[in-house]
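In what follows, a single structure is set out as structure tokens and then discussed.
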Amino acid sequence: MKAVGYQKSLPIEAADSLVDFEIAKPEPKGRDIRVAVKAISANPVDYKVRKRAAPTDGGYKILGFDAAGVVDAVGPDVSLFKPGDEVFYAGSILRQGTNSEFHLVDERIVGNKPASLSFAQAAALPLTSITAWELLFDRLGAVPGKSLDPRTLLITGGAGGVGSILIQLARRLTGLTVVATATRPESQKWCRDLGAHAVIDHSQPMKEQIESLRLPPVGLVASLTFTDQHYKSIADFIAPQGKFGLIDDPPEFNVAAFKGKAVSVHWESMFTRSSFQTPDMIAQHHLLNDVADLIDKGVLRSTLDQTFGTINAANLKRAHALLESGKSRGKIVLEGW
């Protein structure tokens with residue numbers, strides 16, 4: 001089968017940073033399903049892994065987590081899917097990735113593809129949907145349901161992949177007031193179109209902008225990018241006994257900034273359940289099915305922004321380069337071989 005991967009951690013502009021190659025088709029065992037991959041999307045975690053994790057056995061490491069495709073074969077212990085089922089998912093960080101024609105994934109982290117979406121539209125959703133859902137409901141403890149919630153949720157980096165889903169989930173499924181941050185006018189418009197009640201510029205002092213909006217107190221914060229640059233200023237205006245959640249890898253982060261206000265700090269990693277085979281691992285199967293249902297009912301929409309052509313090394317290099325620039329919006333998808 002065709003695949004895209006690398007043997008050495010190199011800058012994306014290097015000729016061998018990502019290469020096309022062929023490898024044997026994997027065979028499913030246990031609860032694994034084999035998926036014929038139709039579309040994938042690129043995420044910041046792809047280039048972060050590429051930069052720091054070189055294979056040690058001289059072989060190829062295949063990147064990619066998001067995928068949408070068709071079940072091709074199943075392991076002997078599979079009960080949730082059968083060949084021919086259309087699925088979408090974000091795989092495990094411990095296994096080979098989705099940038100391959102066929103891919104093995106544990107059925108417990110796979111959902112049924114939204115019927116109303118194409119494979120490309122569906123591939124944009126899994127990793128960011130799982131991250132946003134777990135961050136909002138499992139980590140920050142927001143309550144689904146449209147009853148009034150007398151708090152504001154601040155989402156820093158609202159136009160990115162996770163933010164684009166998080167804005168929708170918070171606006172459509174909770175009673176929170178939703179404020180997103182974005183710097184460029186087109187990114188600010190993107191956030192408003194997704195449902196943010198207000199948008200502020202995180203390159204300018206945020207406290208003054210928040211205060212001028214005269215909204216409910218900022219009780220919840222989803223810090224999605226550049227946490228090291230923003231957390232001290234956020235600590236100055238977050239409500240006492242609030243909750244601060246983050247998903248990035250800040251080079252500097254001192255939780256003591258939140259002690260005086262008894263603010264709790266929550267880290268979200270969507271790979272935790274699959275990496276540690278947690279007892280509730282199947283929650284991601286149910287979560288993705290809920291997202292698919294919300295998509296098909298018109299409550300949520302895909303965050304696909306750009307399609308970069310077929311799945312190959314050249315196009316994936318373009319996707320990595322754009323993600324590394326920090327100027328991407330929504331999701332980048334590649335489709336077909």
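All values below were derived from every heavy atom in this structure, side-chain atoms included, with hydrogens, water molecules and symmetry-related copies excluded. Because the structure is a prediction, the values reported are computed rather than measured. Numbers for residues simply follow the sequence, beginning at 1.
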Side-chain touch Val49/Lys61, heavy atoms, less than 4.5 angstrom
yes
Gly75 and Pro28: which non-hydrogen atoms are nearest, and at how many Å?
N-CB, 3.7 Å
Got a salt bridge between Glu27 and Arg34, using NZ or NE/NH1/NH2 to carboxylate O under 4.0 Å?
yes
Can you list the residues that meet the side-chain contact (heavy atoms from CB on, under 4.5 Å) rule with Asp280, with sequence neighbours excluded?
Arg273, Thr278
Under 3.5 Å, is there a donor on one side chain and an acceptor on the other for Trp190 and Ser164?
yes
Cation over ring, Lys113 on Phe119, under 6.0 Å and within 45°?
yes
Should we say atom NZ of Lys48 is surrounded by more than 12 heavy atoms from elsewhere, each under 6.0 Å from it?
yes
In Å, rounded to the nearest 0.5 Å, how long is the span from CD of Gln204 to OG1 of Thr181?
12.0 Å
Between Phe253 and Trp267, how do the two ring planes meet: parallel, tilted or perpendicular, split at 30° and 60°?
perpendicular
Carboxylate-amine/guanidinium contact Arg95 Asp32, below 4.0 Å
yes
Side chain to side chain, Ile93 and Ser275, heavy atoms closer than 4.5 Å
yes
Can Arg139 and Lys243 be said to form a side-chain contact (heavy atoms from CB on, under 4.5 Å), step by step?
CA-CA 9 Å; Arg139 312 293 170 238; Lys243 296 183 178 184; over 6 Å; no
With no hydrogens and no angle check, just 3.5 Å: does a side-chain donor-acceptor pair link Thr174 and Asp149?
no
Taking all heavy atoms of Ile12 and all of Lys317, pick out the closest pair and write down the distance.
CG1-O, 3.6 Å
Taking every heavy atom of Leu176 against every heavy atom of Ala142, the minimum-distance pair comes out as CD1-CB, 4.1 Å
Do Leu125 and Ile295 come close enough that some side-chain heavy atom pair is under 4.5 Å?
yes
Is the Lys NZ or Arg CZ of Lys25 less than 6.0 Å from the centre of Phe102's six-membered ring, within 45° of the axis?
yes
Check Leu153 against Leu140 and note the closest heavy-atom contact, atom names and distance.
CD1-CD1, 4.2 Å
Connected via hydrophobic side-chain network under 4.5 Å: Leu322 and Leu127:
yes
Do Glu252 and Lys232 have side-chain heavy atoms sitting under 4.5 Å apart?
yes
Should Ile62 and Ile109 be counted in the same cluster of Ile, Leu, Val, Met, Phe, Trp and Tyr side chains packed under 4.5 Å apart?
no
Working to the nearest 0.5 Å, report the span between OG1 of Thr98 and OH of Tyr89.
6.0 Å
When rounded to the nearest 0.5 Å, the distance separating CD1 of Ile40 from CG of Asn99 is 4.5 Å
Is it the case that Asp20 and Asn312 place a side-chain donor and acceptor less than 3.5 Å from each other?
no
Side chains of Asp248 and Thr225: donor-acceptor distance under 3.5 Å anywhere?
no
Same cluster or not: Ile200 versus Val162, using hydrophobic residues (I, L, V, M, F, W, Y) connected whenever any side-chain heavy atoms lie under 4.5 Å apart?
no
Does the Ser129 side chain pair with the main chain of Pro126, one donor and one acceptor, at a distance under 3.5 Å?
no
Does the side-chain contact (heavy atoms from CB on, under 4.5 Å) test come out yes or no for His266 and Leu246, once each step is laid out?
CA-CA 6 Å; His266 306 260; Leu246 66 157; over 6 Å; no
SB check Lys297 Asp293 (cutoff 4.0 Å):
yes
Applying a strict under-4.5 Å side-chain criterion to I, L, V, M, F, W and Y, I'd like to know whether Val263 and Leu224 cluster together.
no
With no hydrogens and no angle check, just 3.5 Å: does a side-chain donor-acceptor pair link Asp66 and Asn43?
yes
Output the distance between atom CD (Gln168) and atom OG (Ser302), rounded to the nearest 0.5 Å.
8.5 Å
Is any side-chain N of the basic residue among Asp85 and Lys82 closer than 4.0 Å to the acidic one's carboxylate O?
yes
His285 vs Phe81, ring-ring contact (aromatic ring centres under 6.0 Å, His included): CA-CA, chis, key distance, verdict:
CA-CA 11 Å; His285 164 72; Phe81 299 99; 5.7 Å; yes
Polar side-chain atom of Arg151 near backbone of Val218 as donor-acceptor pair, under 3.5 Å
no
Give, for atom CG of Leu334 and atom CG of Leu316, the distance between the pair rounded to the nearest 0.5 Å.
5.0 Å
Counting only heavy atoms not in Phe226, do more than 12 sit closer than 6.0 Å to its CZ atom?
no
Side chain to side chain contact (heavy atoms under 4.5 Å, CB included), paired with Glu107, selected from Ile33, Ile282, Val87, Val74
Ile33
Arg50 with Glu324: basic N within carboxylate O range, under 4.0 Å
yes
Would you sort out whether Lys38 and Glu86 count as a side-chain contact (heavy atoms from CB on, under 4.5 Å), showing the intermediate values?
CA-CA 10 Å; Lys38 303 299 182 184; Glu86 296 184 351; over 6 Å; no
Taking the side chain as every heavy atom from C-beta outward, state whether Ile167 and Ile155 have any pair of such atoms under 4.5 Å apart.
yes
Is the shortest side-chain heavy-atom distance between Val333 and Phe308 below 4.5 Å?
no
Please indicate whether Glu208 has more than 12 foreign heavy atoms, meaning atoms of other residues, nucleotides or ligands, lying under 6.0 Å from its CD.
yes
Audit row: Leu135, Leu166, side-chain contact (heavy atoms from CB on, under 4.5 Å) steps and yes/no
CA-CA 9 Å; Leu135 179 59; Leu166 186 53; 4.2 Å; yes
Starting from Ile23, can I reach Tyr60 by hopping between I/L/V/M/F/W/Y residues whose side chains sit under 4.5 Å apart?
yes
Are Arg301 and Gln121 close enough that a side-chain donor and a side-chain acceptor fall under 3.5 Å?
no
Could you report the tightest heavy-atom contact between Thr310 and Asn315, atom names first, then the distance?
O-ND2, 2.9 Å
Of all the heavy-atom pairs spanning Gly59 and Pro55, show the shortest one and how long it is.
O-CG, 3.3 Å
I'd like to know whether the aromatic ring centres of Tyr231 and Phe244 sit less than 6.0 Å apart in this structure.
no
Assess whether salt bridge (Lys or Arg N to Asp or Glu O under 4.0 Å) is satisfied between Arg31 and Asp77, documenting all intermediate values.
CA-CA 5 Å; Arg31 299 194 70 172; Asp77 301 327; over 6 Å; no
Report yes if the distance between the aromatic ring centroids of Phe271 and Phe65 is under 6.0 Å, otherwise no.
yes
Would you say the side chains of Ser41 and Lys331 form a donor-acceptor pair under 3.5 Å?
yes
Any side-chain heavy atom of Thr131 sitting closer than 4.5 Å to one from Glu268?
yes
When you compare the side chain of Glu134 with that of Gln284, does any pair of heavy atoms fall below 4.5 Å?
yes
Supply the atom-to-atom distance Asp201 CG to Met206 CE, rounded to the nearest 0.5 angstrom.
9.5 Å
Sole candidate of Leu173, Leu169, Ile165 that passes side chain to side chain contact (heavy atoms under 4.5 Å, CB included) when paired with Leu136:
Leu169
